[in-house]
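I have placed the structure first, in the form of structure tokens, so that the comments after it can refer back to it.
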Amino acid sequence: MIEERLVTLLAEAIAKAAPSLGAATPLPVPELQRPRQKGFGDFTTNVAMVIASQAGVDPRATAAAIVEALPSAAFLAKAEVAGPGFINLWTTDEWLHDVMRQIAVEGDRYGAGAPTGRRIQVEFVSANPTGPLTIGHARNAAIGDALARLLTFAGHEVEREYYFNDAGGQMDRFGASVEARYLEALGRDAEVPEDGYHGDYVADLAREVLASEGPGLADLPEEERFVRLREGGAGIAMEHIRATLARFGVTFDSYFLEASLLERGEIAHAIERLREGGFVYDAEGATWFRSTAFGDDKDRVAIRSDGTHTYFGADIAYVLDKFSRGFDHLIYVWGADHHGDVARVRGVATALGFDADRVEIVLYQFVSFLRGGQPVKMSKRAGTFVSLDELIDEVGADAARFHLLLFSNDRPMNFDIAEVARQTLENPVYYVQYGHARIASILRRASDEGIELRPIEDADLTLLASEPEQDLMRALADGPGTIAIAAEHRAPHRLTHAAQDLAATFHRFYTECRVVSDDDSLTQARLWLSSATKQVLGTLLDLVGVSAPERMDRLDDADGSVGGAADGG
RNA sequence: GCGCCGGUAGCUCAGGGGAUAGAGCAGGGGACUUCUAAUCCUCAGGUCGCAGGUUCGAAUCCUGCCCGGCGCGCCA
């Protein structure tokens with residue numbers, strides 16, 4: 001839109017001015033930025049400084065020459081040289097009106113990318129089915145889901161997958177624990193192994209298995225009993241996990257079972273394929289992957305000397321399985337404790353003949369959970385943990401998700417449960433949601449007064465001339481760019497920040513500009529502005545998986561206290 | 001020891017080659033005959049961990065160091 005036209009204009013000017021600039025060809029393509037400060041125009045470019053730096057000439061003079069050569073255009077109001085050699089551009093408001101009309105036409109597709117045809121798989125959460133999801137999985141779920149939403153919005157075909165590690169030693173310990181609790185529930189003597197899972201939830205799971213399978217499992221041959229109880233417990237744990245995720249607003253397209261890799265012989269198959277390529281060898285009774293070929297400091301075991309596969313061994317087959325399903329690109333969402341596995345998995349992809357760039361690992365740093373400033377200590381096997389369900393009960397899914405996406409993935413973060421729960425008045429999520437509800441309230445008000453929103457083509461958008469109105473339109477114009485950057489950088493936190501900024505810009509507009517008034521034309525224009533804002537705010541919230549309420553009840557300080565701190569918290 | 005990630009306002013964090021480094025909270029002072037005051041305005045608050053280097057220009061890139069988190073299993 002306007003950006004392309006400005007770039008074309010600048011390119012023309014540069015081509016015209018180049019001979020006198022002594023600039024070397026090829027000439028750089030001008031890049032536009034939205035200046036961070038008002039007063040620096042609607043758009044700005046540093047292209048003169050880039051050219052001057054290459055040619056070794058004065059940047060301000062270069063900028064002046066380019067400005068001088070700029071063809072006149074109806075949409076360009078002013079261009080000037082500023083600072084060390086920036087060219088600042090002021091445009092007419094027409095482009096902002098275009099943005100408004102575009103939002104009206106595109107609705108919830110405003111800012112969305114055209115279909116790319118690329119199939120991307122996002123695999124996330126993937127916690128073992130040995131019990132409930134805990135707050136330790138919350139950041140993964142929030143980031144993974146937001147990324148899936150973002151990439152879908154960007155135009156990709158996205159599939160979300162949850163990988164259940166339902167095989168291996170942890171599962172056996174879990175199975176033995178369920179078995180013991182099952183027998184206990186029947187009044188028999190049994191004990192949870194020392195290295196098993198001791199939490200009360202295991203007894204609950206065992207009772208659920210008892211309820212669904214009956215008491216008959218107790219008298220099966222030991223091996224069969226164990227397997228049935230392990231799988232029964234895991235199955236129920238998986239159902240609980242799905243239910244918890246649903247409460248959190250997260251759903252998956254597929255749930256993949258590690259055990260299925262084994263059943264279908266995929267692990268053996270993948271390893272043989274690597275062996276053919278010379279990436280796998282046998283030593284000390286085990287089967288090793290030559291990960292040192294990919295920068296690892298030592299080779300890694302894929303099949304143990306007892307014949308069972310390691311986590312990594314399953315991963316090899318899993319990568320191959322994913323690619324065989326036709327995905328163009330794979331995204332794994334991992335906690336920082338797995339960063340050491342990144343090179344290995346990408347190495348496996350390379351060794352299997354796939355471009356490592358198609359395997360992308362999104363890492364996030366750990367969350368320190370606190371409650372009233374005190375660290376929350378957790379151990380899943382000891383059964384002392386805060387479940388994700390409890391977190392949702394305490395702070396709400398919206399507040400939890402918004403808070404979890406407030407920080408860059410790379411940043412270790414604190415999450416004080418008591419604070420996020422208590423922050424009903426100061427939590428940014430409510431600030432943003434209130435902005436949305438407030439707009440909805442205005443639109444309701446207009447409708448109640450019998451004011452009809454007429455087609456935007458009939459609205460006189462030039463009436464939106466005050467500073468808060470202009471600021472708001474500019475903020476709306478920035479939405480698609482912000483979303484695109486968030487998607488490219490896998491940085492969903494940019495969305496929560498953008499939502500806060502947009503809400504703030506709207507609240508400012510609200511304070512200074514009466515929307516529903518006696519002035520019919522102005523009312524129409526401002527209703528459209530409000531409606532467009534509601535749309536963009538709604539999109540931003542949706543992309544982070546937070547609800548956009550149509551109304552929020554006003555929090556009256558019923559105690560009538562002055563200052564609102566009388567209750568001490 | 002090696003690797004990855006952080007260190008920016010009192011606190012929690014954005015910004016990751018460009019102009020005068022931003023926001024929220026906390027703190028001081030203001031604004032409700034009003035479409036929701038869950039709001040807005042304003043003031044105050046900074047050696048961008050430290051030291052070098054690259055560049056016309058560094059919070060941003062490079063090197064070294066300091067502090068904190070996380071890894072470096074035939075665990076998952």
Side-chain angles (χ1 to χ4, degrees), chain A residues 33 35-37 39-40 44 46 49-50 52-53 56 58-60 82-86 88 126-128 130 165 168-171 258 284-288 295-298 300-314 335-343 363-366 368 403 406-414 416 419 423-428 430-435 437-446 448-449 468 489 491 493-494 496-497 500-501 503-504 506-517 523 526-527 530 551-557:
Chain A
Q33 292 181 314
R36 18 174 78 190
Q37 283 188 49
F40 291 154
T44 187
N46 67 348
M49 288 184 283
V50 174
S53 152
D58 177 38
R60 279 193 64 101
F86 290 102
N88 294 340
S126 299
N128 294 356
T130 55
N165 280 114
Q170 290 298 335
M171 282 310 297
E258 177 188 359
E284 301 164 46
T287 303
W288 299 72
D296 207 346
D297 52 357
K298 55 182 116 165
R300 304 290 163 168
V301 170
I303 307 291
R304 298 184 190 98
S305 45
D306 68 1
T308 60
H309 66 272
T310 60
Y311 174 90
F312 175 64
D337 54 336
H338 284 96
H339 89 264
D341 301 329
V342 171
L363 293 176
Y364 60 92
Q365 299 295 314
F366 265 47
S368 302
H403 189 79
L406 231 25
F407 316 106
S408 155
N409 299 343
D410 288 337
R411 157 91 61 171
M413 61 171 284
N414 291 325
D416 193 315
E419 217 167 87
Q423 274 181 346
T424 50
L425 287 160
E426 57 204 43
N427 192 320
Y430 299 112
Y431 177 85
V432 174
Q433 288 186 318
Y434 176 58
R438 200 176 214 187
I439 299 170
S441 167
I442 293 170
L443 299 179
R444 272 197 304 276
R445 167 69 171 238
D448 288 349
E449 292 192 9
H489 292 13
H493 73 282
R494 289 187 182 255
T496 53
H497 286 264
Q500 289 183 87
D501 291 345
F506 176 78
H507 285 310
R508 224 167 288 134
F509 157 77
Y510 174 90
T511 304
E512 293 191 39
C513 301
R514 172 92 199 171
V515 175
V516 180
S517 71
T523 299
R526 285 180 173 169
L527 280 174
S530 302
R551 62 174 79 233
M552 283 171 80
D553 291 330
R554 185 171 162 170
L555 280 185
D556 290 311
D557 48 336

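Letters go in sequence order (proteins before strands), and every chain restarts at 1.
- Rounded to a whole angstrom, the distance from the P atom of B/A26 to that of B/U39 is 10 Å.
- B/A9 sits 11 Å from B/C50 when the P atoms are compared, rounded to a whole Å.
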Listed pairs, N/O of protein and of nucleotides 72-74 of chain B, under 3.5 Å:
from, atom 1, to, atom 2, distance (Å)
B/C72, O2', A/Asp297, OD2, 3.2
B/G73, OP2, A/Lys298, NZ, 2.0
B/G73, O5', A/Arg300, NH1, 3.0
B/C74, O3', A/Arg304, NE, 3.1
B/C74, O2, A/Ser305, N, 3.1
B/C74, O2, A/Ser305, OG, 3.1
B/C74, N3, A/Ser305, OG, 3.2
B/C74, N4, A/Glu284, O, 2.9

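- The ring-ring contact (aromatic ring centres under 6.0 Å, His included) search around A/His493 returns A/His497, not counting sequence neighbours.
- Considering only residues two or more places apart in sequence or on other chains, A/Phe509 meets the ring-ring contact (aromatic ring centres under 6.0 Å, His included) condition with A/Phe506.
- Listed pair A/Arg508 / B/C41 meets the phosphate criterion, a side-chain N or O lying under 4.0 Å from OP1 or OP2.
- Distance noted for atom P between B/U42 and B/G6: 34 Å (whole Å).
- Listed by chain and residue number, nothing satisfies the salt bridge (charged side-chain N to carboxylate O under 4.0 Å, His left out) test with A/Arg438 (two or more places apart in sequence, or in another chain).
- One P atom belongs to B/C13, the other to B/G69, and the distance between them is 15 Å to the nearest Å.
- Taking A/Arg494 as the reference, A/Ile485, A/Ala486, A/His489, A/Ala491 meet the side chain to side chain contact (heavy atoms under 4.5 Å, CB included) condition, with sequence neighbours excluded.
- B/G18 and B/A58 have their P atoms separated by 11 Å, with the value rounded to a whole Å.
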Legend entry - Base-pairing string, 5' to 3', of RNA chain B - Watson-Crick or wobble, under 3.5 Å, | interstrand: (((((((..((((....[...)))).(((((.......))))).....(((((..]....))))))))))))....
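- With respect to the salt-bridge test (charged N to carboxylate O, under 4.0 angstrom), the residues A/Glu449 and A/Arg445 qualify.
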Nucleotide N/O to protein N/O under 3.5 Å, stretch nucleotides 28-30 of chain B:
none

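- A close approach under 4.0 Å does not occur between any side-chain nitrogen or oxygen of A/His507 and OP1 or OP2 of B/A37.
- B/U8 and B/A44 have their P atoms separated by 23 Å, with the value rounded to a whole Å.
- Contacts of A/Ser517 classified as side chain to side chain contact (heavy atoms under 4.5 Å, CB included), with partners at least two apart in sequence or in another chain: A/Arg514, A/Asp519, A/Thr523.
- For the C1' atoms, the distance from B/A23 to B/G68 is 25 Å, rounded to whole Å.
- Applying the ring-ring contact (aromatic ring centres under 6.0 Å, His included) test to A/Phe407 and every residue at least two apart in sequence or in another chain returns A/His403.
- B/C25 sits 26 Å from B/U60 when the C1' atoms are compared, rounded to a whole Å.
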Inset, instruction - Going 5' to 3' through nucleotides 8-13 of chain B, assign each nucleotide B (protein heavy atom under 4.0 Å from a base atom), S (under 4.0 Å only from sugar-phosphate atoms) or - (no protein heavy atom that close). - result: B---SS
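- Every residue meeting the side chain to side chain contact (heavy atoms under 4.5 Å, CB included) condition with A/Ala336, not counting sequence neighbours, appears here in chain and number order: A/Gln365.
- Of all nucleotides listed (B/C35, B/C5, B/A76), B/C35 comes nearest to the side chain of A/Val516.
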Just the table, please: protein N/O against nucleotides 18-20 of chain B N/O, every pair under 3.5 Å.
from, atom 1, to, atom 2, distance (Å)
B/G18, N7, A/Asn46, ND2, 3.2
B/A19, N6, A/Thr44, OG1, 2.9
B/A19, N6, A/Asn88, OD1, 3.1
B/A19, N1, A/Asn88, OD1, 3.3
B/A19, N1, A/Asn88, ND2, 3.1

